[in-house]
Amino acid sequence: MAKTLNALATKGEHGSAMMPIIQGVGRAGVEISYLLRGAVFRDALGAAGGENVQGEQQQKIDLLSDEIFLEEMRSTGYVCAVGSEEQADLQVVDEYADADWIVLVDPLDGSSNLDIDGPVGTIFSIVRRKSRGTTPQESDCLVAGNEVVAAGYVLYGPSTMLVCSVGEGVDGFTWNPNSARFELSHANMRIPASGGYYSVNESNADRWLGGVGESLQRMKTETGLGMRYVGSMVADMHRTLLKGGVFLYPADETNRTGKLRLLYEAIPMAFLIAQAGGKSMTSADTSVLDVQPEALHQRVPVYLGSSSAVDSLLG
Ligand code: AHG
Ligand code: MN
Ligand code: MN
């Protein structure tokens with residue numbers, strides 16, 4: 001019989017403690033995948049009319065996915081709070097405010113792909129709260145990547161996949177609609193040491209800060225990598241993990257500290273890439289995993305991928 005998400009229970013120091021939460025992520029992923037499939041029939045596509053705390057227009061599906069995710073985390077009984085890209089403040093789960101774990105989430109990543117039936121995803125990480133016993137505060141979730149206990153993403157593509165690490169390698173599970181389970185389809189994923197693609201919104205090249213344009217040209221010459229860009233970090237990182245290469249979103253004149261969110265996007269993906277044997281940098285000398293978060297919605301530049309490609313870019 002195929003292995004399911006429970007295969008993670010025996011991995012890492014906290015695999016078994018993570019299981020109820022990861023099962024909850026799996027349930028949320030399935031619900032969101034159904035939401036996406038039926039969205040056009042339920043008038044669920046398009047703008048919701050509001051902005052999130054970062055001034056970005058929210059799509060109806062951003063908000064619905066956020067609700068689904070929060071509800072599934074609440075139902076685990078092990079999550080005291082959820083920090084979400086779509087919520088200005090940390091969402092405390094009142095019934096379990098003394099639980100140990102905080103989940104950070106980008107409920108719907110790549111929402112510009114929604115109108116074109118392109119791939120989107122959900123990104124999450126799980127951290128142990130810093131304080132104990134009292135109602136959790138924002139400061140409880142400001143945990144650096146090297147202290148994250150588990151992280152992963154759900155990719156809503158032609159199939160729905162949950163890719164996850166509990167700190168002992170990376171495993172990929174594919175939703176099997178016949179068995180109604182996530183089945184282990186990609187055991188112990190390792191990022192290829194060379195080859196693959198570079199992935200970046202190159203239309204920003206003229207506005208990149210810090211000479212990234214020249215570095216990219218040099219890397220292209222050195223490695224001969226081809227280019228792919230979906231515009232959904234989950235889809236772009238999934239390809240990078242499987243095929244190798246580098247995904248980058250540098251700082252630019254508009255996004256002077258980068259565009260991608262440290263807690264919901266950069267850290268979970270950096271954690272996975274490191275667990276898969278790759279490199280996760282925010283600058284030439286600092287790993288994303290060493291950045292000490294200072295605010296819930298902080299942004300950072302990212303350079304994630306095969307060590308050789310990242311080194312060629314930042315070297
Ligand atoms: P979100 O939809 O959660 O706001 O994330 C969008 C992010 C990420 O998925 C992607 O890598 C990046 O924005 C794309 O940005 P550009 O459109 O600027 O290339
Ligand atoms: Mn995102
Ligand atoms: Mn999002």
Side-chain angles (χ1 to χ4, degrees), residues 28-29 32 35-36 39 45-48 50-70 82-88 91 103-125 151-157 197-209 212 216 227-241 245-270 272-273 280 282 288 296-305:
I32 294 169
L35 169 72
L36 291 166
L45 292 176
E51 287 184 347
N52 65 16
V53 64
Q54 298 143 88
E56 296 160 339
Q57 208 188 56
Q58 289 173 308
Q59 306 280 314
K60 291 177 197 170
I61 289 191
D62 285 323
L63 299 182
L64 292 167
S65 306
D66 187 50
E67 260 175 48
I68 289 171
F69 195 88
L70 179 60
V82 175
S84 166
E85 179 186 285
E86 302 303 338
Q87 302 283 346
Q91 302 292 292
V103 181
L104 296 151
V105 68
D106 177 354
L108 205 289
D109 171 69
S111 43
S112 69
N113 279 312
L114 286 171
D115 291 340
I116 55 125
D117 206 20
V120 290
T122 296
I123 313 174
F124 71 96
S125 62
Y153 58 79
V154 184
L155 169 62
Y156 311 104
Y197 302 92
Y198 75 95
S199 185
V200 65
N201 186 340
E202 219 163 345
S203 70
N204 294 329
D206 290 347
R207 295 187 294 278
W208 286 334
L209 305 176
V212 176
L216 184 70
M227 189 271 199
R228 294 281 188 280
Y229 191 67
V230 176
S232 157
M233 189 190 199
V234 171
D236 284 317
M237 286 307 302
H238 188 62
R239 184 193 53 254
T240 305
L241 190 54
V246 58
F247 170 88
L248 59 151
Y249 207 111
D252 60 42
E253 284 165 9
T254 317
N255 306 289
R256 299 194 73 84
T257 58
K259 176 182 178 187
L260 298 179
R261 273 68 41 143
L262 176 61
L263 291 174
Y264 319 119
E265 295 169 321
I267 285 180
M269 290 300 185
L272 289 174
I273 288 291
S280 310
T282 189
V288 171
L296 201 48
H297 301 289
Q298 185 175 344
R299 298 171 192 256
V300 286
V302 295
Y303 306 86
L304 310 171

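Residues: numbered from 1 along the sequence shown. For ligands, and for the atoms within them, numbers begin at 1 and follow the listed sequence.
The atoms of ligand 1 that sit less than 4.0 Å from any heavy atom of G110 are 1 (P), 2 (O), 3 (O), 5 (O), 9 (O). Each of the following atoms of ligand 1 lies closer than 4.0 Å to a heavy atom of G231: 9 (O), 10 (C), 14 (C). Counting the atoms of ligand 1 from 1 in the order shown, those under 4.0 Å from a heavy atom of N201 are 16 (P), 18 (O), 19 (O). Atoms of ligand 1 lying under 4.0 Å from at least one heavy atom of R261, given by number and element, are 1 (P), 3 (O), 4 (O), 5 (O). Counting atoms of ligand 1 from 1 in the listed order, those under 4.0 Å from a heavy atom of L108 are 2 (O), 3 (O). Within ligand 1, counting atoms from 1 as listed, the ones closer than 4.0 Å to a heavy atom of E85 are 1 (P), 3 (O), 4 (O). Residue contact check: D106 has heavy atoms under 4.0 Å from atoms 3 (O) of ligand 1. Residue-ligand proximity, M233 to ligand 1, at heavy-atom distances under 4.0 Å covers atoms 8 (C), 9 (O), 10 (C), 11 (O).
The nearest heavy-atom contact from the protein to atom 9 (O) of ligand 1 is D109 OD1, 2.6 Å. Distance from atom 13 (O) of ligand 1 to its nearest protein heavy atom, with residue and atom name: K259 NZ, 3.1 Å. Taking atom 19 (O) of ligand 1 as the reference point, the nearest protein heavy-atom neighbour is Y229 OH, 2.6 Å. Looking at atom 18 (O) of ligand 1, its nearest protein heavy atom turns out to be Y249 OH, 2.6 Å.
Across all their heavy atoms, D236 and R228 have their closest contact at OD1-O, 4.2 Å. Here the shortest heavy-atom pairing between P268 and I123 reads CB-CG2, 3.6 Å. Considering all non-hydrogen atoms of both residues, P119 and L155 come closest at CB-CD1, 4.3 Å. Here the shortest heavy-atom pairing between Q59 and S111 reads CG-CB, 3.9 Å. The heavy-atom pair separating G245 from T240 by the smallest distance is O-CG2, 3.8 Å.
Distance OG/S125 to CG/D106: 11.0 Å, rounded to 0.5 Å.
With a 4.0 Å heavy-atom cut-off, ligand 1 is reached by no atom of Q57. Using a 4.0 Å cut-off between heavy atoms, S111 contacts ligand 1 through both its backbone and its side chain. Counting heavy atoms under 4.0 Å from ligand 1, residue F247 touches it through the side chain alone. If you look at L260 next to ligand 1, the close heavy atoms, those under 4.0 Å, all belong to the side chain.
Contact of the Q54 side chain with the E85 side chain is registered, since non-hydrogen atoms from C-beta on lie closer than 4.5 Å. Within the 4.5 Å cutoff, the side chain of L248 has heavy atoms near those of the V212 side chain. With contacts defined as side-chain heavy-atom distances shorter than 4.5 Å, the pair F247/Y197 does not qualify.
The neighbour count for N201 CG, taken as heavy atoms of other residues, nucleotides or ligands under 6.0 Å away, is above 12.
Here the N, O or S atom of E85 that is nearest to the Mn ion (ligand 3) is OE2.
Of the residues L70, D66, V105, the one that meets the side chain to side chain contact (heavy atoms under 4.5 Å, CB included) test with Q91 is L70. Among N204, L209, V200, the single residue meeting the side chain to side chain contact (heavy atoms under 4.5 Å, CB included) criterion with P250 is V200.
Not a single N, O or S atom of P107, from either the backbone or the side chain, sits less than 2.8 Å from the Mn ion (ligand 3). At a cut-off of 2.8 Å, D106 coordinates the Mn ion (ligand 3) through an N, O or S atom.
Heavy-atom separations between S232 and ligand 1 include at least one value shorter than 4.0 Å.
Using the six-membered ring where Trp is involved, H297 and Y264 have ring planes that are tilted, between 30° and 60° apart.
Angle OE2 (E265) to the Mn ion (ligand 2) to OD1 (D109): 110°, rounded to 10°.
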